[in-house]
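To start, the structure itself, in structure tokens.
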Number of protein chains: 2
Amino acid sequence: MIEAKLIDELNEIVGDDNVFTSPEELLCYSYDSTVLQHLPEIVVLPRTAREVAGVVKLAIRGKLPIVPRGAGTNLAGGTIPIQGGIVISITRMTDILEIDTVNMVAVVQPGVVTGKLQAEVAKQGLYYPPDPASLKVTTIAGNVGMNAGGPHALKYGVTSDYVMGLEVVLPSGELIRTGGKAIKNVTGYNLTQLFVGSEGTLGVITEITLRLIPQPESSGSVLAAFADLDDAATLVNRILQAGVTPAVIEIMDQMTVQTVDDYLQSGLPRDAAALLLIQVDGVQAAVDQELEVVSQLCRENRATMVEVATTPDEEEVLWKARQSISPSLTRVRPNKLGEDISVPREAIPQVVNRIQEISRVRDLPIVIFGHISDGNLHPNILFDQADPEEMERVEAASSDIFEVATSVGGTLSGEHGIGLLKQKYLQLDLPEATVEVMRTIKRALDPDNIMNPGKVFPED
Amino acid sequence: MIEAKLIDELNEIVGDDNVFTSPEELLCYSYDSTVLQHLPEIVVLPRTAREVAGVVKLAIRGKLPIVPRGAGTNLAGGTIPIQGGIVISITRMTDILEIDTVNMVAVVQPGVVTGKLQAEVAKQGLYYPPDPASLKVTTIAGNVGMNAGGPHALKYGVTSDYVMGLEVVLPSGELIRTGGKAIKNVTGYNLTQLFVGSEGTLGVITEITLRLIPQPESSGSVLAAFADLDDAATLVNRILQAGVTPAVIEIMDQMTVQTVDDYLQSGLPRDAAALLLIQVDGVQAAVDQELEVVSQLCRENRATMVEVATTPDEEEVLWKARQSISPSLTRVRPNKLGEDISVPREAIPQVVNRIQEISRVRDLPIVIFGHISDGNLHPNILFDQADPEEMERVEAASSDIFEVATSVGGTLSGEHGIGLLKQKYLQLDLPEATVEVMRTIKRALDPDNIMNPGKVFPED
């Protein structure tokens with residue numbers, strides 16, 4: 001199927017060691033963090049933008065699909081090579097090209113691991129806020145491709161808010177640059193933000209210019225329990241209305257609390273309807289004042305428990321519960337499907353109640369946790385993939401959840417993306433005319449549909 | 001030229017009172033805030049998105065260009081009907097449809113005046129930060145079309161950072177919606193940000209969903225003078241590195257200070273190389289601590305004068321100088337051309353020095369002021385339009401300034417846009433391949449080139 005000539009040419013571009021064609025090698029690039037899988041025909045690991053462009057040009061000639069891939073942590077099937085072709089793995093493009101402390105900008109190759117960048121800029125007193133849960137392995141370009149978020153969105157924004165400029169190999173094989181180091185830039189269309197979140201369907205990102213901010217001087221946290229979910233939800237707005245924008249506000253519903261407590265045995269309030277974890281940061285005086293305002297408002301909003309942490313060690317204890325959610329879930333059922341709906345904040349109590357109802361009706365454990373301050377919830381359906389009948393109910397519950405989210409003006413995905421997994425629900429969320437505009441742009445920039453085909457929107 | 005039938009049909013859609021064809025009426029829509037001018041053939045003032053769509057469909061049939069227009073305050077010639085056709089004025093679409101205090105979102109018609117929205121949301125304790133200098137007359141859709149900025153960009157961002165969703169009439173006459181009230185949204189391509197800053201070339205915006213934030217509890221300001229421009233410039237970074245992100249940092253160079261002092265006679269330090277005006281905001285304890293940090297750092301950075309304002313009245317006195325720049329300039333020369341370059345922060349001292357040199361070489365007064373914390377400077381060239389020889393030097397100085405900005409990695413425009421005025425300099429800033437991607441998108445969405453033709457990039 002694949003010509004020997006093509007392999008030779010790829011070897012010439014990226015070196016023999018960086019072209020994989022054996023079944024066992026291809027298998028490693030056939031999946032991501034979903035349950036989906038499909039084998040590519042070739043995997044290449046280029047080192048430079050020029051090499052990426054060379055690979056793309058060969059793919060065009062051979063009419064082979066290209067799938068750009070970072071660490072494969074995405075939760076939407078966005079990097080599954082569903083039509084075979086060439087996977088371009090960026091995991092050898094790992095140079096931090098520049099940390100510019102005066103302009104507060106980093107320029108990086110696409111394969112830099114997010115957590116590594118955070119650690120490096122922190123050494124210079126700088127801060128790169130986007131922190132998806134996978135940050136220890138995930139790549140910056142993967143984050144850019146899916147527009148990854150994290151718990152800091154309300155105060156600090158998501159990946160897109162930090163991308164100032166890109167270098168991209170287009171589906172034509174041509175290399176372009178967008179944006180740059182100027183903070184304000186209205187010269188021409190905002191191509192940068194068109195590529196962010198386009199899931200590798202418009203090009204292969206080969207360099208990223210990122211905005212950094214100064215590290216906050218200090219932080220502090222509050223853990224509060226509530227007997228009534230509405231009290232937890234309305235608290236978020238009371239805090240914001242008091243002029244305090246916390247760095248993070250996380251919610252855990254009752255089933256999440258109980259699951260984590262089974263795992264940690266740490267004496268969490270198992271009868272609470274919801275736990276909130278609130279972190280504030282800034283100059284020390286602001287942190288002190290804001291912790292006082294927040295804990296006072298928790299009590300006024302009928303919290304049944306309020307704990308305050310003012311040192312990093314104390315904060316670590318409070319956050320242990322949140323960080324233990326994922327490991328605790330696998331003890332309940334062997335598999336989980338983590339949804340990623342994002343809804344207007346006001347709708348949260350209603351959405352949580354309706355998902356708890358879905359859990360009862362579909363007879364599946366669904367834990368609900370997430371970033372309550374920005375409306376991004378992660379209902380995780382727990383199941384056993386080996387049971388086909390159960391899988392049908394998982395599918396149904398998933399569909400129910402999307403219907404709830406879109407019925408209150410929310411969206412299918414807040415930070416994971418559409419990929420393969422959610423395309424069939426796209427029409428619940430977006431009018432056909434809006435999708436058609438997206439398709440028109442895709443067709444214009446990739447007329448041969450070579451770049452990550454079959455992702456985001458269903459094929460024509 | 002214009003068929004009577006078309007006028008009849010337009011009358012039917014928007015009402016007789018809202019279709020203008022007389023020369024004196026057309027004249028009012030022939031200019032914006034530049035020196036450029038061109039008459040439209042018809043002006044219509046629709047009231048609803050449906051009416052806009054109806055007008056666009058008639059324009060398509062008659063192959064007439066469409067120019068969407070807000071208050072006409074733009075500084076780039078973006079709303080000049082350079083190829084005639086139909087101006088769609090949105091100034092009757094002025095409803096604030098919703099101020100949702102729980103989700104902190106406003107939904108507005110496009111013609112709402114920015115300052116009016118700010119005042120209305122402030123009544124609810126909310127804040128819409130983008131504040132172009134024209135905010136008392138400028139419209140939200142005008143701000144969205146040009147991606148207007150203002151002094152708050154570093155801490156609070158620009159218009160694009162607040163646009164969550166749009167309703168747009170496409171060049172096909174079709175109405176689409178993008179985004180919504182969910183803070184995090186990665187469902188499909190980011191069409192919202194493609195329309196923001198596209199200067200009316202991709203559609204007519206008919207509704208805007210805007211993010212709001214809580215009003216800061218308090219604010220305070222520092223005015224500091226410096227004998228050395230470098231000291232003023234490096235101070236900005238020292239403040240940020242101390243973990244303080246001021247709401248605003250404005251710079252005025254010596255000629256600006258002297259011009260304002262001639263006008264105000266308020267005893268500004270005329271021998272200072274630069275004045276900085278710094279405003280911090282947040283909870284009261286943070287403001288107090290940050291004012292102390294900032295004034296201390298000013299002294300350490302050799303400020304020759306430091307004044308601190310802690311009450312609104314005191315702040316007003318300090319900010320009087322900044323607000324008097326524009327009125328003071330007209331006393332020097334009858335006309336001014338306000339440039340809008342945006343450069344990496346580190347380059348500011350060099351850029352200011354080089355523009356002062358341009359002023360000497362071209363023998364034209366150029367005052368330099370702007371938003372130093374985000375690198376967006378407004379060199380204003382002062383001249384007399386009646387003198388053709390002087391106009392040639394203005395053109396040359398303008399070109400010199402763009403060369404300086406782009407040579408240090410900056411851009412032609414930070415917040416005013418490209419419009420007609422800066423297109424011929426586009427190739428200084430953007431590689432041809434990048435411009436070609438923009439053109440490809442324009443052609444795909446507007447194959448007949450009906451929507452604000454001739455703007456942003458030179459015609460093929």
Side-chain angles (χ1 to χ4, degrees), chain A residues 102-103 125 147 149 153 158 174 176-178 180-191 193-194 196-198 214 216-217 237 240-241 243 282-283 285-286 289-290 342-346 374-376 409-415 417-418 429-431 433-434 437-438 440-441 444-445 456, chain B residues 102-103 125 147 149 153 158 174 176-178 180-191 193-194 196-198 214 216-217 237 240-241 243 282-283 285-286 289-290 342-346 374-376 409-415 417-418 429-431 433-434 437-438 440-441 444-445 456:
Chain A
V102 181
N103 295 309
N147 194 10
V158 296
E174 195 164 23
I176 66 157
R177 298 193 76 91
T178 71
K181 279 191 183 180
I183 294 175
K184 282 179 176 167
N185 187 340
V186 296
T187 300
Y189 296 164
N190 192 344
L191 295 183
Q193 295 301 328
L194 180 64
V196 176
S198 64
E217 185 179 293
N237 255 59
L240 295 174
Q241 276 159 354
V283 295
Q289 185 182 337
E290 293 184 359
S342 180
V343 300
R345 207 160 39 220
E346 188 175 21
D374 59 44
N376 184 200
T411 187
L412 300 178
S413 180
E415 56 187 19
I418 300 304
D429 193 334
L430 298 178
T434 305
V437 173
M438 296 177 188
T440 301
I441 292 169
L445 297 181
V456 186
Chain B
V102 181
N103 296 309
N147 194 11
V158 296
E174 196 164 21
I176 66 157
R177 299 193 76 92
T178 72
K181 278 192 184 180
I183 293 175
K184 281 179 176 168
N185 187 339
V186 296
T187 300
Y189 297 164
N190 192 343
L191 295 184
Q193 295 301 328
L194 180 64
V196 175
S198 64
E217 184 178 293
N237 253 62
L240 296 174
Q241 277 160 355
V283 295
Q289 184 183 336
E290 292 185 359
S342 180
V343 300
R345 204 159 44 219
E346 188 176 21
D374 59 43
N376 185 200
T411 187
L412 301 178
S413 180
E415 57 187 17
I418 300 302
D429 192 334
L430 298 179
T434 305
V437 173
M438 296 177 187
T440 301
I441 292 169
L445 297 181
V456 186

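Any value given below was found using the heavy atoms of this structure, including those in side chains, with hydrogens, waters and symmetry copies removed. Throughout, a chain's letter reflects where its sequence line sits, starting with A, and its residues are numbered from 1.
Between B:Arg177 and A:Thr434, the shortest heavy-atom contact is O-OG1, 2.7 Å. Considering every non-hydrogen atom in both B:Val186 and A:Gly417, the closest pair reads CG2-N, 3.4 Å. Contact record, A:Lys184 with B:Thr411: O-CG2, 3.6 Å, taken as the closest heavy-atom pair. The two residues B:Thr187 and A:Met438 come nearest to each other via the heavy atoms O-CE, 4.2 Å.
Contact of A:Val283 with chain B is made through backbone and side chain together, with heavy-atom distances under 4.5 Å. For A:Glu174, the part lying under 4.5 angstrom from a heavy atom of chain B is the side chain only. Proximity to chain B is limited to the side chain of A:Gln289, based on heavy atoms less than 4.5 angstrom apart. With a threshold of 4.5 angstrom between heavy atoms, A:Gln193 approaches chain B through its backbone and through its side chain.
The closest donor-acceptor contact from the side chain of A:Glu346 to the backbone of B:Val102 lies at 3.5 Å or more, if one exists at all. Using modelled atom types, no side-chain atom of B:Asp374 and backbone atom of A:Ile183 make a donor-acceptor pair closer than 3.5 Å.
Contacts with chain A were tallied for B:Val196, B:Asp429, B:Thr178, B:Val456; B:Asp429 has the most, counting heavy-atom pairs under 4.5 Å. When B:Pro344, B:Ser198, B:Gly149, B:Gly125 are compared by the number of non-hydrogen pairs under 4.5 Å with chain A, B:Pro344 comes out ahead. The candidate from B:Gly188, B:Gly410, B:Gly282, B:Pro216 with the greatest count of non-hydrogen atom pairs under 4.5 Å with chain A is B:Gly188. Looking only at heavy-atom pairs under 4.5 Å with chain A, the residue among B:Pro431, B:Gly197, B:Ala286, B:Ala153 that has the most is B:Ala286. Your options are B:Asn190, B:Asn103, B:Leu194, and the one with the most heavy-atom pairs under 4.5 Å with chain A is B:Asn103. Ranked by heavy-atom pairs under 4.5 Å with chain B, the list A:Leu412, A:Asn147, A:Asn185, A:Ile418 is led by A:Asn185. Each of B:Gly180, B:Gly243, B:Ser342 has some count of heavy-atom pairs under 4.5 Å with chain A, and the biggest count is that of B:Ser342.
Atom OH of A:Tyr189 sits about 12.5 Å away from atom CG of B:Leu430, to the nearest 0.5 Å.
Residues satisfying the side chain to side chain contact (heavy atoms under 4.5 Å, CB included) test with A:Val437, not counting sequence neighbours, are A:Ile441, B:Leu170, B:Ile176, B:Leu191, B:Leu445.
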